[in-house]
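Sharing a structure here in structure tokens format.
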Amino acid sequence: MDTSCQSSLNCRRCGEIRAYETALAARPDYVALGPVYPTILKQMKWAPQGLERITDWKRRVAPLPLVAIGGLNVDRLQGVFDARADTAAVVTDITLNVDPEARTREWIERTAPWR
């Protein structure tokens with residue numbers, strides 16, 4: 001197996017326990033859960049998962065890393081990490097910012113306590 005490739009378990013569709021068990025049987029390298037908050041990146045078929053779901057899924061998937069994604073910004077980071085996410089993924093908070101480079105630097109600075 002090519003170790004440069006990572007597999008992921010996308011828990012946005014894992015509402016049913018059978019889907020969850022099937023996905024974990026694929027032995028992913030990490031789990032992505034989202035959208036945590038409402039997102040404008042794309043039309044979602046499901047509601048935002050919220051911080052409580054992060055805590056619940058982290059308990060279920062540990063020791064796999066849990067990635068929070070969807071509707072995140074730097075002001076929501078503390079809640080995401082307090083809920084036990086291992087990392088936070090971002091798109092529009094950077095790409096739609098008037099100064100994407102400055103926003104990227106802010107993300108790097110604000111996430112330093114969790115690295």
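Predicted, not measured: the structure shown is a model, and the values here were computed from it. Excluded from the calculations below are hydrogen atoms, water molecules and symmetry mates; all remaining heavy atoms, backbone and side chain alike, are included.
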Original post:
Other hydrophobic cluster members with Ile108, side-chain heavy atoms of Ile/Leu/Val/Met/Phe/Trp/Tyr under 4.5 Å, chained?
Top reply: none

Original post:
What closest approach, in Å, do Ile54 and Leu66 show between heavy atoms, and which atom pair accounts for it?
Top reply: O-CD2, 3.4 Å

Original post:
Is the shortest heavy-atom distance from the side chain of Leu33 to the side chain of Val67 under 4.5 Å?
Top reply: no

Subject >> With sequence neighbours excluded, residues passing side chain to side chain contact (heavy atoms under 4.5 Å, CB included) with Asp56 >> reply: Arg53, Arg59, Arg60

Original post:
CD1/Ile40 to CG/Leu96 distance, rounded to the nearest 0.5 angstrom?
Top reply: 5.0 Å

**OP:** Would you mind reporting whether Leu64 and Leu24 have side-chain heavy atoms less than 4.5 Å apart?
**Re:** yes

Original post:
Taking all non-hydrogen atoms of both residues, which atom of Ala85 and which atom of Ala68 are closest, and how far apart?
Top reply: CB-CB, 4.0 Å

**OP:** For Asp75, check salt bridge (charged side-chain N to carboxylate O under 4.0 Å, His left out) against everything at least two apart and list the hits.
**Re:** Arg110

Original post:
Who passes side-chain hydrogen bond (donor to acceptor under 3.5 Å, both in side chains) against Thr104, sequence neighbours left out?
Top reply: none

**OP:** Tell me, please, which residues at least two apart from Gln78 pass side-chain hydrogen bond (donor to acceptor under 3.5 Å, both in side chains).
**Re:** Asp82

Subject >> Flag side-chain contact, heavy atom, 4.5 Å: Asp86 against Lys58 >> reply: yes

**OP:** Only counting residues at least two apart or in another chain, list the ones meeting ring pair (Phe, Tyr, Trp, His ring centres under 6.0 Å) with Tyr37.
**Re:** none

**OP:** With sequence neighbours excluded, tell me which residues meet side chain to side chain contact (heavy atoms under 4.5 Å, CB included) with Pro48.
**Re:** Pro38

Original post:
Residues in side chain to side chain contact (heavy atoms under 4.5 Å, CB included) with Glu52, at least two apart?
Top reply: none

Subject >> Smallest separation among heavy atoms of Pro65 and Asp29, with atom names >> reply: CD-O, 3.3 Å

Original post:
Got a second to check how far Leu51's CG is from Arg76's CZ, nearest 0.5 Å?
Top reply: 9.0 Å

Original post:
What heavy-atom pair brings Gly71 and Thr39 nearest, and what distance separates the two atoms?
Top reply: N-CB, 3.8 Å

Original post:
Can you list the residues that meet the side-chain hydrogen bond (donor to acceptor under 3.5 Å, both in side chains) rule with Arg103, with sequence neighbours excluded?
Top reply: Asp93, Glu106

**OP:** Find out whether Tyr30 and Thr87 are in side-chain contact, i.e. whether some heavy atom of one side chain is under 4.5 Å from a heavy atom of the other.
**Re:** no

Original post:
Between Thr55 (side chain) and Ala83 (backbone), is there a donor-acceptor pair under 3.5 Å?
Top reply: yes

Original post:
Any side-chain heavy atom of Val36 within less than 4.5 Å of one from Ile69?
Top reply: no

